[in-house]
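Please read the structure below before turning to the comments.
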Amino acid sequence: MADSTMLTSLFELPILVVDCQTTGASPAHGHLIELAWSWTAAALHSPDVVARKIALPQGATVSRRVQQITGLGPLDLVDAPAALEVCQELRAQTCARQVAAVVAHYARFERSFVEPLDTGLSHPWICTHAIARRLLPGLPRLGLRAVAGYLGYTLAEEKRAGDHVLATAFVWRAFVDLFEREHAVFTLADLMDWLVQTPAPRDASRIYAMPREKRLALPETPGVYHLLSRSGDVLYVGKASSLKDRVNSYFRSPGTLSSSKHELVSQVHDIAVTETGSSLEAALLENEHIKHLAPPYNASLREGRRRVVYLSSNLTESSPVSAPTVMLGPLIRRDERHPIELFAALVETTTPDALWAGELAGGHDVDAAALAAGFALFRERHGLGTQAVVLADLLRLGRELLRARERAIAIDDPDELPVDEQPADSPQAIATRLERILSNFSRELARARWLCRLSESVLAWEDGESPEHPRRMLVIHQGRVWEQGELEAGEPLPLPPGHRRSRLQRQGVMDLGTYDRLRVLTTELRRLVAADKALWLRVGHAEPIKTARLARILLHL
DNA sequence: CGATCTACGTCGTTAGCCGT
DNA sequence: ACGGCTAACGACGTAGATCG
């Protein structure tokens, strides 16, 4: 390389930023599915990016996991050019341009995939991860998303090469700026020197983009908080019984946070809070905000791929809304079919759909014969004979199995329950799995019934310390918070406005948002019961439920 | 001189962190 | 979930220091 480029200011230095998406963790175990690059320099603020999808080689597949994180499946790649063609495009551009270095985040990975290609690149690689380790050693996480987010670039949720190139270029600009201002590193020669001579400091103290005083000034009241990126996007919505304690716990206890939470706090620049009257209301509001905003770090309450379904009583028909003939539910379906529908397939035919086999054995290969043998053993265990199985029998059996399981958990330490050592395709393992599906279904139906009752209810509870304090009250109608207020001591609990609504009417309002809202409410009820708070609950037209009975009901959900 | 302790280097294993 | 790298750790061995 010419000495002149080694002495060019890093701002002006012409670089090539690259990023790729692949199907595996190394070239020996994966293929390129996307390659993006940008010819740029730190001085350039909106670089042009070339992003190319790449066709899969014959017979290659994209794992479910990779499809999920990249959003790229085989269908997205059918019309894509071959790796060779993309490589030639990059090579043609390489010949036509000046470039002093290739920049990538975690260059080791990109390099292992890009270097074997005949791209005509023989330049030094600069790794923004290696720089970040020395420049930002206190950052809780040093992945591209965390580093870029800390510096102010929020990556899209799908991992795509073009976006990653833009983020890496952004990070490079920020680092070049820092180098000049704080480290007397001005040229590529300086940078190479600095990298060699600066080991990553060990016990560096934690750094955050979020100003300390801002979180320390939060109120110690219940409420909902939004963690915001530099650009104001909502990264995460959470609830707290004390906003100050909860939010500050993210920044105090690095040891106990999961790696995705580390990535999250690395990016937080600001926080917005909504105070609520109680933590119960905070939990309900949190659900509403998550449904509305779908923040990237709220995995569990987001809609994701979950759907509400109802099943017919013979389990063969399903519908997203309930109808007089399709009213088992609401159930939550994560995939194409609900596991319980397996029973319909098993009852209907002696050679069940092989598609079910994977579901049954947790992804293992199980053939139809093994499935039939497992079902036969299941019938034998439970005295179901060989005639057609009646759904009512299955439901009763499900309740028995569920009760047996609850007893086993209550008596034994749940960690010491017998672990099934049978191979996944043995009749024993399959029969046991069928039992599990049935008892889970039974529990789901019980929960569905409960949530439907709860959708027309009135709740009052003691939130403050003093029993003289007025009770907080929530009126739930059509699955929503209809009214919230206070109930004076001695004042009786009113009748829910929708207490006359039929089961079908109640099911009619059960979309996923309502399902989750009532589920959250149930969780909060459980918390109040566990905390020994006095509470009064009136579901439907029944008399108010006493705490002890509520505790028993909640136990079985 | 031999026994014991400490300091230091080397080797092999492990845990954690990146990427997809 | 998986591959691959590195920092961290612990086991081990050797050399040198110290002491009886």
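Chain letters run A, B, ... following the sequence lines, proteins first, then strands; residues in each count from 1. Being a predicted model, the structure only gives us computed values, none of them experimental.
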Could you give the [atom1]-to-[atom2] distance, from [X] to [N], as a whole number of Å?
{"X": "F109(A)", "N": "dC2(C)", "atom1": "CZ", "atom2": "P", "answer": "16 Å"}
{"X": "L72(A)", "N": "dT20(B)", "atom1": "CG", "atom2": "C1'", "answer": "11 Å"}
{"X": "I69(A)", "N": "dG19(B)", "atom1": "CD1", "atom2": "P", "answer": "10 Å"}
{"X": "W125(A)", "N": "dG19(B)", "atom1": "CH2", "atom2": "C1'", "answer": "13 Å"}
{"X": "E263(A)", "N": "dT20(B)", "atom1": "CD", "atom2": "C1'", "answer": "14 Å"}
{"X": "E110(A)", "N": "dG3(C)", "atom1": "CD", "atom2": "P", "answer": "19 Å"}
{"X": "Q21(A)", "N": "dG19(B)", "atom1": "CD", "atom2": "P", "answer": "10 Å"}
{"X": "F113(A)", "N": "dG19(B)", "atom1": "CZ", "atom2": "C1'", "answer": "9 Å"}

#### Entry: Worked check of side chain to side chain donor-acceptor pair (under 3.5 Å) between T198(A) and R134(A)
CA-CA 7 Å; T198(A) 317; R134(A) 294 160 171 82; 5.5 Å; no
### Task
Please determine which of D516(A), T523(A), T522(A) meets the side-chain hydrogen bond (donor to acceptor under 3.5 Å, both in side chains) test together with R519(A).
D516(A)
### Message
Quick check for you: among dG3(C), dG19(B), dT20(B), whose closest atom lies nearest to any side-chain atom of L144(A)?
### Response
dG19(B)
### Task
When you get a sec, tell me which of dC2(C), dC17(B), dT20(B) is the closest nucleotide to the side chain of Y106(A)?
dC17(B)
So, OP1 or OP2 of [N]: does either fall under 4.0 Å of a side-chain N or O from [X]?
{"X": "R141(A)", "N": "dC18(B)", "answer": "yes"}
{"X": "R133(A)", "N": "dA7(C)", "answer": "yes"}
{"X": "H164(A)", "N": "dG19(B)", "answer": "no"}
{"X": "T70(A)", "N": "dT20(B)", "answer": "no"}

Checking all strands, does [X] fall into the base, sugar-phosphate, or nothing category for heavy-atom contacts under 4.0 angstrom?
{"X": "G143(A)", "value": "sugar-phosphate"}
{"X": "S63(A)", "value": "nothing"}
{"X": "I33(A)", "value": "nothing"}
{"X": "T22(A)", "value": "sugar-phosphate"}

### Residue pair T187(A) / M6(A): nearest heavy atoms and the distance that separates them
CB-O, 3.1 Å
#### Entry: Pair E286(A) + R246(A), salt bridge at N-O below 4.0 Å
no
### Task
Run the salt-bridge test on D76(A) and K53(A) with the 4.0 Å N-O cut-off and return the result as yes or no.
no
### Task
Identify, between A28(A) and R65(A), the residue whose nearest nucleotide on DNA chain C lies closer to the 5' end.
R65(A)
